[in-house]
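Small disclaimer: the values here were computed from a predicted structure and weren't measured. Residue numbers start from 1 in every chain, and the chains themselves are labelled A, B, ... in the order their sequence lines are given, proteins ahead of strands.
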Protein chains: 2
Amino acid sequence: MNDTPPKDTAPPRTRIQQKNRKAILEAALEVFSQYGFRGSRLDQIAQASGLSKPNLLYYFPSKEAIHSELLTCLMDTWLDPLRALDPGGDPREEILAYMRRKLEMSRDYPRESRLFANEILQGAPRIREAITGELKALVDEKAEVIRRWGEEGAIAPVNPHHLIFSIWALTQHYADFEVQVRLILEGHEEDPYPEAERYLEALFSRLLAPESAPAGA
Amino acid sequence: MNDTPPKDTAPPRTRIQQKNRKAILEAALEVFSQYGFRGSRLDQIAQASGLSKPNLLYYFPSKEAIHSELLTCLMDTWLDPLRALDPGGDPREEILAYMRRKLEMSRDYPRESRLFANEILQGAPRIREAITGELKALVDEKAEVIRRWGEEGAIAPVNPHHLIFSIWALTQHYADFEVQVRLILEGHEEDPYPEAERYLEALFSRLLAPESAPAGA
DNA sequence: GTCTATATTAAGATAGAC
DNA sequence: GTCTATCTTAATATAGAC
């Protein structure tokens, strides 16, 4: 269970400033995660935060600044689950635990996931550096660990980059496509996550089980 | 290989109308798939299509009309791969073939995938009925087929709805997060799709292999 | 710090000439 | 059918009172 919410960075001065900044960022997350940067209106954020539009711009210099504050905080938190993948731990359990942490992130912070998805869909104009820098470096590092595990026979040999992509895709899907998932599961499951966890555990357990022979091409 | 592009519906009259309507929808797909409905500007679509803004509105009554035309055509095409899943075919091969068709759709029509993703992220305001109607009915129907296959021992028993979600998530990820995938694979793979296909075949082959015991909880 | 009022620009849509 | 010019609304941002 990962209960650490995305962090605030800028240092607020007074109590009331702290409270209002938080309210704005909370409202902005709600709006930006749904409509993306260009599709979001300051009006909506103002209304959602309970503040007036000029008051928003007293706390932040611009719409862009609010968005970029959210993204910066997010990127850091977003990498934590992968950072925690321990090269010294049990290979299969480490990967499953990573998957579980990512699924918990989707369940507990679906808006953050959608904010990220929106940004990528739009071509990642504001986080390109973070992706080619921090994120790529971290992924390459952990991919090498996973590759080694496969080579040593601790897990079945799989393409480590695509393994990581598949964990992202499968877990984030429940946040990003939540509306669709819930509409389709109507009449079957109220909460998708318990079944999702069971299903994904089975999926990755079988994929990584070292005894089973590679089945694909 | 699925070479059928998303279909046009409205009946064009003259050659030039046909050509211009096509150019507009092509440009609109480019723009809407990236920025979503609210984040897209008619100006951009005009520029991308090589027509003037008023001329766009000669062919379509409004921005909304262009978008809704795209979505309507898309929804139909979108369901084809799942429709083709044959209850009478070989279970494991049918599911793998469905996954392959979806992966080809991501590769050949990534913008369509992103248009859909954008719409769902925004809460599916314009395709809610299509989801609760057509799509849900089709998914429930095919899920029942898959459930039966599991019961009969032709494949390992898995939650069929989540199996379908996982095929969507994994294949669409390569289209929706294409920017991220390519940035991260830089220095490893030029084209992600060949490796993606190998990886996903292994993943689903092992998941569905009836001999392997359920490994999860 | 917060508000009302407003400047300024941008965006969707229309009029009317050609 | 296509263009220029324009109307109208809406959105970001600012000024200045309180």
Check the distance between [N]'s [atom2] and [X]'s [atom1] and give it to me in whole angstrom.
X	N	atom1	atom2	result
A:F60	D:dT14	CZ	P	15 Å
B:N55	C:dC18	CG	P	18 Å
A:Q47	D:dT12	CD	P	13 Å
B:I16	D:dC3	CD1	P	10 Å
A:L56	C:dT4	CG	P	14 Å
A:K19	C:dG1	NZ	C1'	11 Å

Is it the case that B:R107 places NZ or CZ above or below the six-membered ring of B:Y174, under 6.0 angstrom from the centre and within 45 degrees of the axis?
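No cation-pi geometry.
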Determine the interplanar angle of the B:F32 and B:H67 rings, folded into 0 to 90°, and report it as parallel if under 30°, tilted if 30 to 60°, perpendicular if over 60°.
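Plane angle over 60°, so perpendicular.
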When you measure from the side-chain N and O atoms of [X] to the phosphate of [N], is any distance below 4.0 Å, counting only OP1 and OP2?
X	N	answer
B:Y58	D:dG1	yes
B:T14	D:dG1	yes
B:S52	D:dT2	no

Quick test of your reading: applying side-chain hydrogen bond (donor to acceptor under 3.5 Å, both in side chains), list the pairs with at least one residue in residues 34-47 of chain B, sequence neighbours left out, ordered by first then second residue.
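Pairs touching residues 34-47 of chain B that pass the test: A:R38-B:Q44, A:Q44-B:R38.
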Any non-hydrogen side-chain atom of B:L185 less than 4.5 Å from a side-chain atom of A:H161?
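In contact.
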Are the side chains of B:L79 and B:L82 in contact, using a 4.5 Å heavy-atom criterion?
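Side-chain contact under 4.5 Å: no.
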Show each protein N/O and nucleotides 10-14 of chain C N/O combination with a separation under 3.5 Å, one pair to a line.
| residue | atom | partner | partner atom | Å |
| --- | --- | --- | --- | --- |
| C:dA11 | OP1 | B:R41 | NH1 | 3.3 |
| C:dG12 | OP1 | B:S40 | O | 3.4 |
| C:dG12 | OP1 | B:L42 | N | 3.4 |
| C:dG12 | OP1 | B:K63 | NZ | 3.1 |
| C:dG12 | OP2 | B:L42 | N | 2.9 |
| C:dG12 | N7 | B:K53 | NZ | 3.2 |
| C:dA13 | OP2 | B:K63 | N | 2.9 |

Are A:E189 and B:H162 close enough, and set up right, to give a side-chain hydrogen bond (donor to acceptor under 3.5 Å, both in side chains), and what steps lead you there?
CA-CA 11 Å; A:E189 303 168 35; B:H162 288 265; 3.1 Å; yes
Across the strands shown, which category fits B:L51 at heavy-atom distances under 4.0 angstrom: base, sugar-phosphate, nothing?
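No contact.
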